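I have placed the structure first, in the form of structure tokens, so that the comments after it can refer back to it.
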Amino acid sequence: MDSLLFIRNELLPELGKGWIVTLKLVFLSIPFGLLTGILIAIGRVYGNRLISSLCRLYVIFFKGCPLLLLLFIIYFGLPSLGITFSPFGASVLGFVICNGAYTSEYIRGAIQSVKTGQMIAAQALGMTKWQAVFYIILPQAFRRALPGVGNEMIYLIKYSSLAYMLTCIELTGAGKIVAARSFRFMETFTVVGIIYLFMVSIATKILQWAEKRLSYPG
Amino acid sequence: MNTTDNTPILVVENIYKSYGKVEILKGASFTVNKGETKVIIGPSGAGKSTLLKCINQLVIPDRGRIFLNGEEVLHSHSQINRFRQKIGMVFQNFYLFDHITALENVEIALLKVKKMKRSEARKKALEELARVGMEDKAHLYPAELSGGQAQRVSIARALAMDPEVMLFDEPTSALDPELTGEVLEVMRNLAKEGMTMVVVTHEMGFASSVADEVLFMEEGNFLESGPPSQIFFHPREERTKKFLSRISELYGELNKNG
Amino acid sequence: MEGLSAVLESLPYILSGISVTLGLVALSLALGFALGVPMAVATVYGNRIIVKIIRVFVFILRGLPNLVLLFLFYFGIFPLLGWNLSPFAIGTITLGLRSAAYQTEIFRGAILSLEEGQMLAALSVGMTKNQAIWNIILPQALRLALPGWSNEYPILLTDSSVTYAIGVAEILTRGSQMVTRTYQPMPIYLTCAIIFILLNWGGMQIIQWGEKKAYIPGLGRKTET
């Protein structure tokens, strides 16, 4: 019984504050991560030799490097080069870079799966290469990449918890603090878990809705 | 045509089967004696395939009974595998096990179900492959075989279990025309050797030259049955005539001596 | 350069963390596999109650962040059970259970992608359902699942670093310890990153070699017309 009281009076208000930080992290990282992914994928497929190789290296490095390590590099390492970030800023930057790497792979695969005839037909109509890319290739690629990209965004919701390791107090961090103070670890993390499951479920439903809305026959 | 004696190997009694609201089988019955070959013909959707699958309980009938050699074929867990060993089945899409070679496909049931020794199983498997003319392809994977070759291997796989009766579910329908000959040849030889067979097929030439009886099935039951000469040349029922005329347009085989 | 000397000084300590990291990854993969295959078989062939239970398990373990799971087990569940396990053990169990949830879905998809005829043919020669699953379905499904399954390796490799939060002495933890000693975060963390990238690449080479050895022509191709 007093578990429930604890939850209502102490836990939820604190978690509420942390949850808002999580939402801020997520809503900033998703669009910029997507943008990064698109740019890297385009660079990889359509760029010249140099750009393509650089993009390839980007992907190899940031897919192979654990996100937490990347966060440490940004938050603890860069200051020694004179670049400092707030915990929040470092977190967003790390999420965007990492998410961009994984997302770009899905988009690249999708671009390459769009039939080559599409590009030829577009150019035959007089479009420039870039017009063809933006109006014909990318819209189709995006539809194919949607499941993979959507999944990466859902991962982002979960990985946002790592911001706590940089002392950015989001949902998980808020929970840890309350739990450590009150020694009620089970209750706290159960509630925290439920909130994450809730967010993930909603995001999954949105993804499914988007897939349906954007689908076209074939 | 074939030497028969009058012991019924297979008795199919009054089989009913529905899927949801659709009744596929409506009390179909027939009997097969030892050494006989019965061919079932009919339009698609008539329930021929479902009927065959009811015999070895891959599909469980809603009503009706099946008897193999006088013993009732029951779906009980402990009994059904014993019955299935004695009933050989060849599918339209062969369903060879894709992850093992042709030889291993024939062997695997001998090893796992009949618990034979490795050397015995291998010997038997090679014999059966030779019987269908596939012994030199024993070490190939299903993906490396042509359709006709794959189907022959699947016949060998069923034969290896020494079944009392062989069921063929449109064995050549999925094959390119030039490949059906080799499979029909194997089936003809089996019939000559005295195997008891039930064949669902559109191959009228095969039916007219090999069948002891042809049964015409439509909408879940047998409309007419009789020796091939009667069914093909003097069918009694109007619908039988209609079906045959459509088929012979497609196949033009009724006048051939299969 | 101080950076270089800091790296050289730290290297032995950090490199010995590789065995811890790889141990975490290998044990978690194994646990995930040992649980994932039976759970996948159960979701395809089992009764409705078991299917529901497994679905709930998969939902929870895939929906929760690694960090939350680690905290939940380390601070909550295991103390509640009274079990005194090392951080390494807790990390392995947590990552292993999570991998099991993902692997269940991977194998389930592979089993379902096999055509129904494989089971029908196996039953028709007299095999029991279990014999069919063990001899016919699983050998094919496991091979089909290889590409998706091999993804688990890089995922577990990068996720292993999150066990830093409960004090497991893997690569990242050791790197951080050396950073507090040498005050050279950039060189040391970059070194750690390179180690992870190399481990990633090396592991994938081994897995691709394994995929080649397991290759059977035409596996999984459907003959249904």
Side-chain angles (χ1 to χ4, degrees), chain B residues 49 52-53 55-59 77-101 104-115 140-145 147 150-151 154 157-163 166-167 169-170 173-176, chain C residues 37 40-42 44-47 50 106-150 210-225:
Chain B
S49 191
L52 278 192
K53 292 197 182 124
I55 296 178
N56 65 355
Q57 307 278 332
L58 285 178
V59 166
H77 223 49
S78 49
Q79 298 295 338
I80 188 55
N81 301 309
R82 187 168 61 87
F83 281 114
R84 286 189 184 139
Q85 292 177 45
K86 303 200 214 146
I87 302 174
M89 188 162 221
V90 177
F91 301 90
Q92 180 177 340
N93 287 304
F94 357 121
Y95 297 157
L96 285 183
F97 303 133
D98 291 316
H99 62 302
I100 48 185
T101 63
E104 290 165 344
N105 257 275
V106 179
E107 267 182 347
I108 190 166
L110 297 175
L111 292 170
K112 305 287 175 186
V113 179
K114 285 206 154 158
K115 317 263 194 225
L140 293 181
Y141 283 96
E144 299 170 307
L145 301 172
Q151 192 61 298
S154 89
R157 178 177 64 180
L159 286 175
M161 302 297 283
D162 288 322
M166 284 284 282
L167 307 176
D169 185 1
E170 299 206 34
S173 298
L175 299 177
D176 293 330
Chain C
V37 174
V41 171
V44 178
Y45 298 109
N47 67 52
I50 294 202
I106 292 173
F107 292 128
R108 188 177 77 100
I111 293 176
L112 290 176
S113 77
L114 290 176
E115 58 176 350
E116 189 201 14
Q118 296 288 306
M119 177 59 96
L120 280 181
L123 290 177
S124 78
V125 289
M127 289 194 202
T128 63
K129 209 168 171 193
N130 287 335
Q131 282 179 320
I133 293 175
W134 182 256
N135 290 301
I136 306 297
I137 303 289
L138 280 184
Q140 297 186 55
L142 291 181
R143 282 184 176 82
L144 283 175
L146 252 170
W149 184 86
S150 61
E211 281 186 36
K212 276 212 192 94
K213 289 224 78 181
Y215 175 69
I216 290 177
L219 194 62
R221 164 203 67 146
K222 292 193 191 253
T223 52
E224 298 289 293
T225 38

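First the proteins, then the strands, lettered A, B, ... as listed; each starts at 1. Source: prediction; values computed, not measured.
- Between atom CZ of residue Phe97(B) and atom CD of residue Gln140(C) there is a gap of 8.5 Å, rounded to the nearest 0.5 Å.
- Between the NE2 atom in His99(B) and the CG atom in Leu142(C) there is a gap of 10.0 Å [rounded to 0.5 Å].
- Residue Lys112(B) comes nearest to Asn135(C) through the heavy atom pair CE-OD1, 3.3 Å, listed as atom of the first residue, atom of the second, then distance.
- When heavy atoms are compared at a cutoff of 4.5 Å, Ile80(B) does not approach chain C at all.
- Contact of Leu96(B) with chain C is made through the backbone alone, with heavy-atom distances under 4.5 Å.
- Shortest non-hydrogen contact noted between Val125(C) and Gln85(B) is O-CG, 4.1 Å.
- Rounded to the nearest 0.5 angstrom, Glu144(B) CD and Ile216(C) CD1 are separated by 10.5 Å.
- Applying the side chain to side chain contact (heavy atoms under 4.5 Å, CB included) test to Leu58(B) and every residue at least two apart in sequence or in another chain returns Lys53(B), Asn56(B), Arg84(B), Met89(B), Phe91(B), Leu120(C), Leu123(C), Ser124(C).
- Arg143(C) meets the salt bridge (charged side-chain N to carboxylate O under 4.0 Å, His left out) test with no other residue; sequence neighbours excluded.
- Contact of Gln118(C) with chain B is made through backbone and side chain together, with heavy-atom distances under 4.5 Å.
- At least one side-chain heavy atom of Met127(C) sits less than 4.5 Å from a side-chain heavy atom of Ile108(B).
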